[in-house]
Q: 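This structure is in structure tokens; I'll ask about it shortly.
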Amino acid sequence: MPNALSTFLTLTIDGVSYGMMLFLISVGLTITLGVMRVVNLTHSAFAMIGGFITLWLMKSAGMHFFVALPVGVLATMALSLVLERTLYQWVYKCDPLGQLLMTIGMTFVVTAVVKNLAGPQIQSIVLPEALLGQWSVMGLNISVYRVFVLGLSVAVAGALWLCLEYTTFGARLRAAVDNPRMARCVGINVPLVFSITFAIGCGLAALGGAVGTQMLPLEPYYGLKYLVLVLIVVAVGGLGSLKGSLYSALLLGFIDTMGRYYIPALGGFIIYLAVLAILLVRPRGLVGRIG
Amino acid sequence: MYSTIAMRFKVGVAAFAAAGSLFAAPVSADEIKVGLLSQYSGTYSWWGQEYDRGVELFMSETGGKVGNHTITVIKRDEGGANPQRARQLAQELVVRDKVQYLTGGVFTPTVMGTADVVDQTKTPYIFINAATSSMTNKTPYFARVGYTSWAYCVPLMKWAFEKGAREAVSVTADYAPGTDIANAFDETFTELGGKIKENIKVPLGTTDFSTYLQRVSDSGVKHVFMFMPVGPMSAGFIKAFQDRGLGKAGVTLYAGAETQESDLPAIGDSAQGIITALHYSPYLETPENKAFVAKYKAKFGADAIPSLASMGAYDAMQVIAHMIKATNGKKDGDAAMEAIKGYSWTSPRGPVTIDPKTREITQNVYIREVRKTPDGLLGNVPIHTYENVVEPWHAKNSK
Amino acid sequence: MTTQSDAHRVVQAFRRQRYNLADLALVLAAALTLLFGEYYLALAAFVVIMAIFALSLDLAQGYGGIESLGHAAFFGVGAYAAALYALHFSSEPVSGLLVAAVAAGVVGLVSGFAVLRTQGLTQLMLTLAIATLLYELANVAKAITNGDDGLSGYDVAPVFGLFQFDIYGYTGFVYAFVVLVLVYALLKKLVNSSIGQTAQGIRENQTRMRMLGVPVERRLWVLYTISAALAGVAGGLSAQINRIVGLDSLAFTLSANVVVMLALGGTGRLYGALFGAILFVVLSDRAAAIDPTNWLAVLGVVLILIVRYAPDGLAGFVARWSAKRGQK
């Protein structure tokens with residue numbers, strides 16, 4: 001296979017897997033924004049919490065990665081449910097700017113707590129043997145880990161879509177998004193739907209955080225550092241739109257990866273230029289429904 | 001209405017006066033204050049912890065006294081690479097807290113921010129980590145006990161060349177020190193007779209290195225010189241480097257402080273085999289270092305390992321103690337700086353001297369390899385020593 | 001004849017309400033600082049600079065309803081402009097401030113075109129993207145900005161040829177404070193003028209303002225540009241007083257900090273920005289001295305509590321308190 005083509009293909013896989021991981025982390029936020037109209041800037045902190053819980057389970061309880069991962073996700077979901085029933089009730093009462101500030105405040109607190117518990121250094125989740133190394137396919141060297149991330153995210157995205165389109169819960173969720181008042185009138189327990197949605201969103205973030213540690217390393221400031229990235233994906237995709245989130249995550253991941261390789265002088269710029277361009281052309285995002 | 005205003009005015013004055021007296025601390029005759037500008041909050045708080053440890057170790061050894069003077073260390077948090085804040089803190093330390101010496105310093109901009117204050121008040125600043133070579137030219141009251149980019153680049157290039165490297169690529173973070181080092185790599189390696197095919201710049205904060213590693217493997221070289229700020233970026237790069245199989249394909253990675261012992265656990269076993277050059281390693285076999293490491297572990301726990309930061313802070317205090325002795329506890333910046341010009345002692349890193357002309361530190365630079373050490377951890381084990389390396393940038397650019 | 005005296009009375013009413021007790025208290029605080037807080041003048045100057053910065057954001061956010069997470073872009077542009085001006089052209093400070101204002105204003109004018117077409121989260125993201133772009137630009141353009149190492153080595157001449165910048169910071173503080181007073185007076189006039197009043201109307205109900213024939217987009221654009229120029233003045237002051245400009249003047253942290261300052265102090269009341277700036281800077285300075293590691297947690301808790309119990313910030317609290325007194 002010619003060198004340039006194989007480079008391009010490798011980069012494509014890199015870009016797409018990066019984008020899918022971003023999707024995992026961001027989809028929860030777009031759902032929260034769309035369903036509950038809540039600006040939740042603590043979202044990326046949940047990704048971090050998921051990662052740290054998984055790490056802790058592996059280190060102290062000696063669990064295998066594939067066991068610690070779902071347990072970590074579930075633990076984060078439980079934690080998020082607790083927070084949703086308590087602190088977030090305050091958040092619901094605020095106007096958008098107030099929500100922004102309150103959730104940023106919560107992120108600060110989470111960051112400080114994690115720093116006290118885990119120390120300021122970056123931590124690493126040791127991947128199991130099965131995920132290390134590379135496969136040689138048609139002259140291409142593909143990282144096993146990236147294929148895993150890609151596969152997992154696609155599976156999750158697929159499951160989400162199936163759930164939304166074909167289950168009763170999904171129907172209720174879509175109803176609650178489109179018209180919360182009417183949904184309540186029809187007997188849908190909107191607060192319950194919200195709680196479950198929030199938990200699912202945070203669980204997805206936790207999955208992304210735990211799985212993506214090779215691309216976004218774990219550290220106490222994770223919640224603040226990668227918040228911008230998550231917000232950008234959501235804004236570009238269109239608030240409340242799952243499809244939008246998917247498209248924007250893939251697009252931005254792809255642009256970022258390709259841009260860094262082919263135009264290195266602009267490197268870190270490119271993604272912001274892209275965001276600027278997209279938001280100028282489509283101020284409501286790619287699939288914008290709520291402005 | 002006027003009476004309420006007058007009332008408030010009086011109350012205000014009283015409150016301010018009271019507050020003022022609380023803050024102005026009296027200075028006792030034989031108490032010498034030293035200001036420590038460090039990082040305690042934010043992502044760089046590791047430096048704060050390490051500097052504190054080095055200082056505390058020194059203080060516990062000497063009982064915090066030099067002769068009949070007691071040293072008091074006043075710590076301040078710079079809060080990130082914020083030169084304006086560093087300047088404010090330095091000003092407050094000198095003017096309000098009446099420190100005689102300043103130490104600490106993690107980043108170039110924050111040390112540079114204090115240059116005005118240091119120069120105008122003649123307060124010697126013995127800084128530890130900031131590595132841009134030209135800094136000590138800014139004011140005659142700066143002295144560096146850490147290392148500069150050039151100081152470790154030149155020996156590293158020499159070693160790589162000696163081991164047969166003729167073609168290489170350099171991968172550096174895209175910010176001022178990175179560019180500095182990229183130039184250092186390039187000039188030095190070319191002078192030796194090698195060729196740097198490409199300098200790959202990586203934006204700060206990059207977490208996904210796939211594209212840059214792609215360029216590395218595309219270039220086909222067997223030697224890669226890297227420079228990145230210590231932390232998630234360097235750890236991520238090294239891991240990605242090994243994950244991509246470049247190490248297995250026979251490409252040697254050369255670095256500096258990136259494989260610090262504190263970060264090696266995060267990088268993992270894939271770090272083994274990386275060659276680095278640095279002015280220190282906790283695994284040095286000299287008697288001074290062994291004693292230092294033993295004392296360090298005794299004080300901070302068996303798991304604690306000294307780093308270039310804690311060792312640097314320890315040495316900075318050593319220099320300051322020397323200055324206090326020389327000036328007999330009086331505030332005299334010129335006499336203090338004179339006293340340390342040419343000052344030699346044996347540090348845990350080996351024999352060191354403060355260069356009288358440049359106020360840089362002349363020291364050994366060690367080539368180290370990441371290996372599994374006897375205590376089961378990963379460590380930078382010294383495999384070669386370049387002795388008494390005079391700071392190369394100043395040597396090249398001396399007026 | 002009667003209408004003229006009515007108008008005259010309205011004008012008088014406005015003039016009387018322009019400056020109140022809160023403003024007096026702040027002037028007094030500044031005078032006291034100068035007299036008694038001589039060890040704190042560097043910190044005080046920083047408070048003043050942040051106050052100007054917060055005022056500029058209050059204009060955009062509190063009066064215009066434009067939300068920004070990237071206001072540091074203008075601060076940074078102003079700072080670098082003033083520094084480069086001093087480095088390459090003239091070390092005269094007052095003209096340097098004008099240069100800073102113009103440079104930041106131009107950036108505000110250009111970016112306003114994009115930012116004002118959006119709202120809510122998208123607007124926030126756009127402002128963030130622009131600020132980050134400028135940050136990366138400054139980092140990469142090392143030849144001009146000296147990148148990560150910080151731009152320094154420029155001299156700043158004595159103000160009006162008379163007042164030398166000294167090590168204790170007297171000149172710096174007074175200089176910054178005078179600029180603050182001027183900016184504050186300018187803003188008071190602006191918000192009480194037609195531009196300011198219509199901006200508030202736009203913030204409350206855009207459609208109605210449009211129906212009243214107000215050129216909504218143009219008003220907001222003007223407001224945004226002025227806000228950017230003032231932020232640039234704050235940046236220029238910082239560059240001149242500290243004689244070094246770092247990349248942190250363009251960083252997200254600074255943008256976030258000024259938003260927090262407004263949250264603490266309350267938006268839409270001008271003096272709220274002052275309260276917020278004072279409170280935030282003094283708190284963070286003291287807290288950082290006591291326990292820097294957990295300052296972040298404290299700030300987080302303070303934010304949560306403020307938003308929950310005092311969403312109008314400190315100024316709102318003061319307003320409600322003085323309203324209650326008025327009722328007596």
Side-chain angles (χ1 to χ4, degrees), chain B residues 4-5 8-9 12-13 15-17 19-20 23-24 38-42 45 48 75-92 94-97 107-110 112-117 120-121 130 132 134-135 138 173-180 201 203-204, chain C residues 21 24-25 28-29 31-33 35-46 49 79 135-136 139-140 142-143 145-153 165-169 172 238-239 241-249 251 253-254 284-285 287-296 299:
Chain B
T4 39
I5 290 186
R8 283 187 206 165
F9 188 87
V13 169
F16 258 87
F23 285 124
S38 185
Q39 298 284 337
Y40 293 104
S41 55
S45 45
K75 306 179 197 175
R76 290 284 179 258
D77 179 19
E78 289 178 335
N82 192 336
Q84 160 272 321
R85 181 150 177 81
R87 184 182 201 277
Q88 176 202 323
L89 291 170
Q91 195 165 330
E92 286 174 359
V94 172
V95 163
R96 182 173 82 208
D97 302 301
F107 305 109
T108 305
T110 56
M112 292 298 262
T114 66
D116 271 354
V117 176
Q120 283 182 42
T121 60
T132 304
S134 56
M135 290 166 72
K138 187 90 170 157
D174 196 5
Y175 69 137
T179 314
D180 205 18
K201 287 197 187 335
L204 277 181
Chain C
L21 221 54
L24 188 62
L28 273 175
L32 288 169
T33 313
L35 292 171
F36 294 101
E38 63 174 6
Y39 295 143
Y40 291 86
L41 289 176
L43 180 64
F46 183 57
I49 291 173
Y135 180 92
E136 291 296 329
N139 186 26
V140 164
K142 260 172 285 291
T145 63
N146 210 19
D148 206 74
D149 277 346
L151 185 60
S152 61
F165 283 94
D166 63 306
I167 193 66
Y168 287 87
S238 173
I241 295 176
N242 294 303
R243 290 183 39 174
I244 184 165
V245 181
L247 281 179
D248 62 297
S249 30
T253 320
L254 188 59
S284 57
D285 189 73
I290 299 171
D291 186 355
T293 328
N294 289 313
W295 158 234
L296 209 59
L299 183 62

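Just so we're on the same page: letters track the sequence lines, and every chain starts at 1. We use all heavy atoms of the structure for the numbers below, so side chains are in, but hydrogens, waters and symmetry mates are not.
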Q: From the options B:Gln84, B:Arg85, B:Arg87, select the one residue that forms a side chain to side chain contact (heavy atoms under 4.5 Å, CB included) with C:Phe46.
A: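 Option passing the side chain to side chain contact (heavy atoms under 4.5 Å, CB included) with C:Phe46: B:Gln84.
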Q: So, B:Arg76 and C:Asp285, do they make that salt bridge, N to O below 4.0 Å?
A: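 Answer for the salt bridge query: no.
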Q: Shortest non-hydrogen contact from C:Asp248 to B:Pro83?
A: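 That closest heavy-atom pairing would be OD1-CD, 3.2 Å.
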Q: Please name all residues satisfying salt bridge (Lys or Arg N to Asp or Glu O under 4.0 Å) with C:Lys142, sequence neighbours left out, ordered by chain then number.
A: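 Residues passing salt bridge (Lys or Arg N to Asp or Glu O under 4.0 Å) with C:Lys142: B:Asp174.
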Q: What residue, out of C:Leu41, C:Asn242, C:Leu151, has the most heavy-atom pairs lying under 4.5 Å from chain B?
A: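 Looking at each option in turn, the highest pair count goes to C:Asn242.
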Q: C:Asp149 and side chain to side chain contact (heavy atoms under 4.5 Å, CB included): which single residue from B:Thr179, B:Asp180, B:Thr108 fits?
A: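 One option only clears the test, and that one is B:Thr108.
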Q: Measuring from atom CD1 of C:Ile244 to atom CE of B:Met112, what distance do you get when rounded to the nearest 0.5 angstrom?
A: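 It is 6.5 Å, given to the nearest 0.5 Å.
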Q: Examine whether an atom of B:Gln91 lies under 4.5 Å from a heavy atom of chain C, and if so say whether it belongs to the side chain, the backbone or both; otherwise answer neither.
A: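 Only the side chain of B:Gln91 comes within 4.5 Å of chain C.
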Q: Pick one of side chain, backbone, both or neither for C:Ile241, based on which atoms fall under 4.5 Å of a heavy atom in chain B.
A: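 Interface part for C:Ile241: backbone (N, CA, C, O).
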Q: Tell me, for B:Lys138 versus chain C, whether the close heavy atoms (under 4.5 Å) come from the side chain, the backbone, both or neither.
A: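 Side chain only.
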Q: Taking all non-hydrogen atoms of both residues, which atom of C:Gly150 and which atom of B:Pro109 are closest, and how far apart?
A: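 That would be N-CB, 4.4 Å.
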Q: Can you tell me how far CG of C:Leu247 sits from CG of B:Asn82, rounded to the nearest 0.5 angstrom?
A: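 With rounding to 0.5 Å, CG (B:Asn82) is 11.5 Å from CG (C:Leu247).
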Q: Which bit of B:Thr121 comes within less than 4.5 Å of chain C, counting heavy atoms only: side chain, backbone, both or neither?
A: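 Just the side chain, heavy atoms under 4.5 Å.
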